[in-house]
Amino acid sequence: MSTNEIIANAKKASRTHLTEIESKTILEELGIATTEPRLAKSRDEAISFAKGIGFPVVLKVSSADIVHKSDSGGVKLGLTNEDELARAYDEIMASIKRNQPDAVVEGVSVQKMARPGVEVIIGMSKDPQFGPVLMFGLGGIFVEILKDVAFRIVPLTKRDAHDMIREIKGYPVLEGYRGQEPGNVPLLEDILLKVSDFADKTPQIKEMDLNPIFAYSQDVVAVDARIILE
Ligand code: ADP
Ligand code: MG
């Protein structure tokens with residue numbers, strides 16, 4: 001499905017929240033690499049997709065009603081074989097029934113377990129005064145506890161994308177702190193510009209959250225994505 005079709009479908013169903021799979025389909029269309037999740041509608045389908053993708057895989061509940069998938073027990077990481085996957089599938093369904101009994105669940109997303117990288121967050125939200133604004137930060141404690149983030153107003157210039165990454169205090173982590181693998185900063189700048197351009201041209205988008213993106217020395221991949229419509 002194309003971005004326009006995804007937005008039209010959601011509108012028809014009076015949904016403001018896109019699923020991870022829909023959100024990542026849009027990112028792929030923008031040229032932003034993702035973990036390419038596939039929607040499985042049964043345990044058997046999840047197993048067959050996992051075999052095609054290759055273990056280890058990740059299972060996540062797929063529902064437009066569930067915003068924080070792990071908080072609801074809807075994410076299982078690093079599944080290495082069919083038995084683990086089958087158990088994870090049942091556990092996800094049981095957790096959702098317990099924690100969000102009213103959620104409409106369309107299935108689970110099956111995707112490759114991405115290797116660890118530098119965790120980055122890119123967000124888009126709308127300020128009543130300035131309109132769409134982009135946020136950049138490092139994942140985990142950097143954003144949640146230290147509020148170490150940079151903001152720029154859309155549309156971003158190349159200079160904005162360049163500067164906002166370098167102005168966060170955690171920037172040395174992206175350069176490869178204490179022998180750790182660095183994150184590819186030019187590719188992150190490119191994602192910022194793509195999200196900016198998309199937000200600028202698509203007023204129906206209210207909020208975007210690429211959280212986390214894993215950055216490696218040679219590439220970057222969006223591991224989770226959430227898009228909210230107006
Ligand atoms: P949510 O934010 O809705 O709880 P996420 O999709 O972000 O769910 O998953 C929670 C965490 O699991 C992520 O922050 C990330 O650390 C890890 N994770 C999710 N998907 C993958 C993946 N494909 N590969 C590796 N780690 C993942
Ligand atoms: Mg997330």
Side-chain angles (χ1 to χ4, degrees), residues 15-28 32-40 46-47 49-81 84-85 88-89 91-96 98-100 103-125 134-146 148-149 170 173-174 180-181 183 188 191 195 207-228:
R15 276 199 285 131
T16 50
H17 287 58
L18 302 186
T19 63
E20 179 209 8
I21 294 181
E22 290 171 326
S23 305
K24 282 181 171 172
T25 303
I26 292 176
L27 295 187
E28 293 282 345
I32 298 171
T34 77
T35 46
E36 298 179 7
R38 296 191 64 184
L39 176 64
I47 291 171
F49 286 165
K51 283 182 182 163
I53 292 165
F55 289 100
V57 297
V58 173
L59 282 197
K60 301 184 198 178
V61 62
S62 187
S63 167
D65 300 326
I66 299 173
V67 181
H68 300 291
K69 298 178 288 298
S70 18
D71 291 352
S72 310
V75 178
K76 297 282 179 186
L77 303 173
L79 307 170
T80 57
N81 59 52
E84 275 182 33
L85 186 137
Y89 181 94
E91 283 171 11
I92 287 176
M93 293 306 167
S95 297
I96 300 303
R98 211 166 41 239
N99 299 324
Q100 277 193 254
V104 177
V105 174
E106 58 169 4
V108 292
S109 82
V110 189
Q111 59 197 265
K112 187 128 203 85
M113 175 75 188
R115 69 182 175 91
V118 181
E119 284 195 32
V120 170
I121 298 174
I122 290 177
M124 188 283 285
S125 58
L134 285 205
M135 188 270 276
F136 177 84
L138 296 181
I141 61 160
F142 287 96
V143 167
E144 283 161 27
I145 298 172
L146 303 174
D148 181 22
V149 291
V173 173
L174 275 169
Q180 298 267 59
E181 180 178 354
L188 293 173
I191 295 180
V195 173
E207 241 177 86
M208 282 177 77
D209 206 9
L210 282 57
N211 180 10
I213 295 169
F214 286 0
Y216 311 110
S217 60
Q218 300 302 318
D219 56 354
V220 295
V221 60
V223 162
D224 186 27
R226 184 162 63 94
I227 294 180
I228 300 176

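Small disclaimer: the values here were computed from a predicted structure and weren't measured. Counting starts at 1 for both ligands and their atoms, in listed order.
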May I have the angle between Asp224 OD2 and Asn211 O with its vertex at the Mg ion (ligand 2), rounded to 10°?
->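 The angle at the Mg ion (ligand 2) comes to 90°, rounded to the nearest 10°.
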
Do the charged groups of Lys69 and Glu20 touch, with an N to O distance under 4.0 Å?
->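 A salt bridge is absent here (no side-chain N lies under 4.0 Å from a carboxylate O).
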
Are any non-hydrogen protein atoms located under 4.0 Å from atom 13 (C) of ligand 1?
->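 It does: a protein heavy atom is found less than 4.0 Å away from atom 13 (C) of ligand 1.
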
Numbering the atoms of ligand 1 from 1, which are under 4.0 Å from a heavy atom of [X]?
X: Ser70; value: 1 (P), 4 (O), 8 (O), 10 (C)
X: Pro212; value: 7 (O), 13 (C), 14 (O), 15 (C)
X: Asp224; value: 1 (P), 2 (O), 3 (O), 5 (P), 6 (O), 7 (O), 8 (O)
X: Lys112; value: 22 (C), 23 (N), 24 (N)
X: His68; value: 3 (O)
X: Val67; value: 3 (O)
X: Thr35; value: 23 (N)

Search all heavy atoms of [X] against all heavy atoms of [Y] and return the closest pair with its distance.
X: Thr34; Y: Val221; answer: C-CG2, 3.3 Å
X: Gly183; Y: Val118; answer: N-CG2, 4.2 Å
X: Val120; Y: Ala215; answer: CG2-CB, 4.4 Å
X: Val195; Y: Met208; answer: CG1-SD, 4.1 Å

Contact partition for [X] relative to ligand 1, non-hydrogen atoms under 4.0 Å:
X: Asn211; value: backbone
X: Lys60; value: side chain
X: Gln111; value: side chain

CD/Glu91 to CG/Leu59 distance, rounded to the nearest 0.5 angstrom?
->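 So the gap between those two atoms works out to 10.5 Å.
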
Which one of Val75, Leu210, Val58 has a non-hydrogen atom at the shortest distance from atom 9 (O) of ligand 1?
->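 It is Val75 whose heavy atom sits nearest to atom 9 (O) of ligand 1.
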
Counting heavy atoms only, which of Gly74, Ala114, Ser109 comes nearest to atom 25 (C) of ligand 1?
->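 Among Gly74, Ala114, Ser109, the closest heavy atom to atom 25 (C) of ligand 1 belongs to Ala114.
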
Does some side-chain heavy atom of [Y] sit less than 4.5 Å from a side-chain heavy atom of [X]?
X: Asp209; Y: Ile121; result: yes
X: Ile32; Y: Ile213; result: no
X: Val57; Y: Met113; result: no
X: Phe214; Y: Thr35; result: no
X: Lys60; Y: Gln111; result: yes

Top protein contact for [atom], by heavy-atom distance:
atom: atom 21 (C) of ligand 1; result: Val223 CG1, 3.1 Å
atom: atom 17 (C) of ligand 1; result: Leu77 CD2, 3.7 Å
atom: atom 16 (O) of ligand 1; result: Glu119 OE2, 4.0 Å

Heteroatom test (N, O or S) for Ser70 near the Mg ion (ligand 2), limit 2.8 Å |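 It does not; every qualifying atom lies at 2.8 Å or beyond.
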
Is the distance between the Mg ion (ligand 2) and the nearest N/O/S atom of Asp209 smaller than 2.8 Å?
->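 Not a single backbone or side-chain N, O or S atom of Asp209 is under 2.8 Å from the Mg ion (ligand 2).
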
Would the number of heavy atoms belonging to other residues, nucleotides or ligands and lying under 6.0 Å from CZ of Arg38 be above 12?
->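 No, not enclosed.
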
